[in-house]
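Heads up: the structure comes next, in structure tokens.
Owing to the predicted nature of the structure, the values given are computational and were not obtained by experimental measurement. Every number for a ligand or one of its atoms is a count from 1 in the order of the listing.
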Amino acid sequence: MPAELIDGAAVAKKIRGEVAVRCAALAARGIVPGLSVVLVGDDGGSAAYVRNKEKASIEVGMRGETIRMPATTTQDELLAVVDRLNADPAVHGILVQMPVPKQIDPQAVIRRIASSKDVDGFHPVNVGKVLIGERDGFAPCTPAGVHVLLQEYGVETAGKHVVIVGRSNIVGKPMMALLIQQGAGGDATVTVCHSRTPDLAWHTKRADIVIAAVGRPGTITGDMIRPGAVVIDVGTSRVADPTTKSGMRLLGDVDFATVSAVASKLTPVPGGVGPMTIAMLLRNTVRAAEQTA
Ligand code: GUN
């Protein structure tokens with residue numbers, strides 16, 4: 001039997017609905033949650049993501065704003081914008097789209113954002129809170145979205161072995177932190193594999209849940225998966241495809257044809273993890289607004 005597909009678009013829609021209700025409750029008290037997204041330069045992929053973020057935030061009843069800055073922006077100019085947003089009480093969430101141009105140190109920017117407005121969950125204070133299991137911090141949106149998908153689909157994590165492939169600060173490391181916490185959605189045994197791991201398949205074959213987040217299409221094939229395992233594909237590589245309208249196609253890290261034949265549940269690309277990321281950003285933003293109210 002082919003794997004059940006995990007419908008991230010449907011779960012994301014449900015979460016956006018819940019966020020809209022919370023926004024309406026805040027609006028009744030005169031508070032409109034505000035999300036400010038800063039885009040430096042004109043990377044095609046980033047511009048599309050940023051447009052989606054602005055549109056999604058307005059749809060749930062937030063004040064969504066995009067600040068576009070030229071690719072030649074200096075670090076001081078960007079930090080001055082962050083300072084202004086930090087000081088603005090109408091702004092509850094700040095997101096500086098990554099990657100930033102090379103003259104700017106991304107860590108300097110992330111550290112400058114007030115941790116209470118860091119809805120990306122990238123600030124060291126939030127990284128630390130997620131690691132020690134404090135609920136008032138912000139978890140990065142993509143791993144938080146994966147965590148919600150597993151729970152929505154009734155995937156037990158307690159006592160299970162999760163193998164994460166990829167050790168990025170945005171996905172792999174925080175994913176590990178969420179899954180090893182005590183309590184619902186946690187209590188997993190977690191292995192984090194990366195580019196220096198010998199014999200990746202030896203690890204993935206022993207996993208009840210595989211989470212692939214390396215950004216390299218075809219990394220996970222069916223012969224690397226234990227029959228019945230749950231497979232989550234975080235990859236979003238944009239590759240040229242002249243047969244599509246945009247000339248581009250999104251590819252995950254998972255070889256869909258071979259993995260769907262052995263896994264019990266699988267996230268498609270697109271329509272799996274991707275839509276969850278924006279939904280979790282909106283959820284973090286409404287919580288940031290509630291925490292100031
Ligand atoms: N670039 C790609 N994904 C993200 C994200 O989740 N947040 C930010 N700030 N930049 C990104």
Carboxylate-amine/guanidinium contact Arg249 Asp241, below 4.0 Å
yes

Salt-bridge present (Arg68, Asp42; N to O < 4.0 Å):
no

Establish, from distance only, whether the side-chain atoms of His203 and Thr197 form a donor-acceptor pair under 3.5 Å.
no

What heavy-atom pair brings Phe138 and Asn126 nearest, and what distance separates the two atoms?
N-OD1, 3.2 Å

Check each protein residue for a heavy atom under 4.0 Å from ligand 1 and list those that pass, ordered by chain and number.
Leu95, Val96, Gln97, Met98, Asp120, Phe122

Less than 4.0 Å between a side-chain N and a carboxylate O, is that true for Glu152 and Lys14?
yes

List the steps, then state whether side-chain hydrogen bond (donor to acceptor under 3.5 Å, both in side chains) holds for Thr277 with Thr142.
CA-CA 5 Å; Thr277 300; Thr142 300; 3.0 Å; yes

